[in-house]
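Because only heavy atoms are used, hydrogens play no part in the values below, and waters and symmetry mates are left out as well, while side chains stay in.
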Amino acid sequence: QVQVVESGGGLVQAVGSLRLSCAVSGRTFSMYGVAWFRQAPGKEREFVSQISWGPGSTIYADSVKGRFTISRDRTKNMVYLQMNGLKPEDTANYYCAATPGLGIPTNPRSYNDWGQGTQVTVSS
């Protein structure tokens, strides 16, 4: 089992920036990658980005491409999501999740281990 804990959320004005952090622990050797999802009130959980733990290959949702950057530091067991050019529609609870690599990477069902989430609020 892998444990993930998010931090770094907060309130920011539109076009501002935030960096989210995800601390990873446990059976990281069994993990293919880590992703960020988000969920706004009344909406389904939405894929944001994924990074593979080994080679560091990345995937982004179209809605964040060019604005968000995912990275990982294996020496610190950390995954980061740098969010620039934030928009009010980015407001959501952001979740970190780990996957063994089975299934579709953009599908929440492909992820076994989830954090509690960190709230990001972007004001206009």
TODO: Output yes when D90 and K87 qualify as a salt bridge under the 4.0 Å nitrogen-oxygen rule, no when they do not.
DONE: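 Between K87 and D90 there is no salt bridge, as every charged N stays at least 4.0 Å from the carboxylate O atoms.
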[Y] backbone acceptor or donor facing [X] side chain under 3.5 Å:
X    : Y    : answer
S21  : Y80  : no
S110 : I104 : yes
N93  : T118 : yes
Y60  : R67  : no

Show the nearest heavy-atom pair for residues [X] and [Y], with the distance to one decimal.
X   : Y   : result
N84 : S17 : OD1-OG, 2.9 Å
C22 : V4  : SG-CB, 3.7 Å
V2  : A98 : CG1-CB, 3.9 Å
I70 : S49 : CG2-OG, 3.2 Å

Do the side chains of [X] and [Y] join up, straight or via other hydrophobic residues, at under 4.5 Å, putting them in one cluster?
X   : Y   : result
V12 : F68 : yes
F47 : V64 : no
W36 : I59 : no

Task: Enclosure of K43 NZ (heavy-atom neighbours >12, cutoff 6.0 Å) - done: no
Can you tell me how far [atom2] of [Y] sits from [atom1] of [X], rounded to the nearest 0.5 angstrom?
X    : Y    : atom1 : atom2 : result
T69  : R19  : OG1   : CZ    : 11.5 Å
N107 : L102 : CG    : CG    : 12.5 Å
E89  : S124 : CD    : OG    : 10.0 Å
T91  : Q119 : OG1   : CD    : 7.5 Å
S71  : Q82  : OG    : CD    : 8.5 Å
Y32  : S57  : OH    : OG    : 4.0 Å

Open item on the list: Between V120 and M83, is the side chain to side chain contact (heavy atoms under 4.5 Å, CB included) condition met? List the steps.
Closed with: CA-CA 10 Å; V120 172; M83 305 186 295; 3.9 Å; yes
Task: Among E6, Q39, R38, the one residue meeting side chain to side chain donor-acceptor pair (under 3.5 Å) with Y94 - done: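 Single pass found, and it is R38.
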Task: Close side-chain approach of F37 and P108, heavy atoms under 4.5 Å - done: yes
- [ ] Flag the pair W53 / T99 as yes when at least one side-chain heavy-atom distance between them is below 4.5 Å, and no otherwise.
- [x] no
Task: Centroid separation Y95 to Y111 less than 6.0 Å - done: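 Not close enough - the centres of the two rings lie 6.0 Å or further apart.
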- [ ] Give the intermediate values and the outcome of side chain to side chain contact (heavy atoms under 4.5 Å, CB included) for residues R72 and V24.
- [x] CA-CA 10 Å; R72 59 119 173 75; V24 183; over 6 Å; no
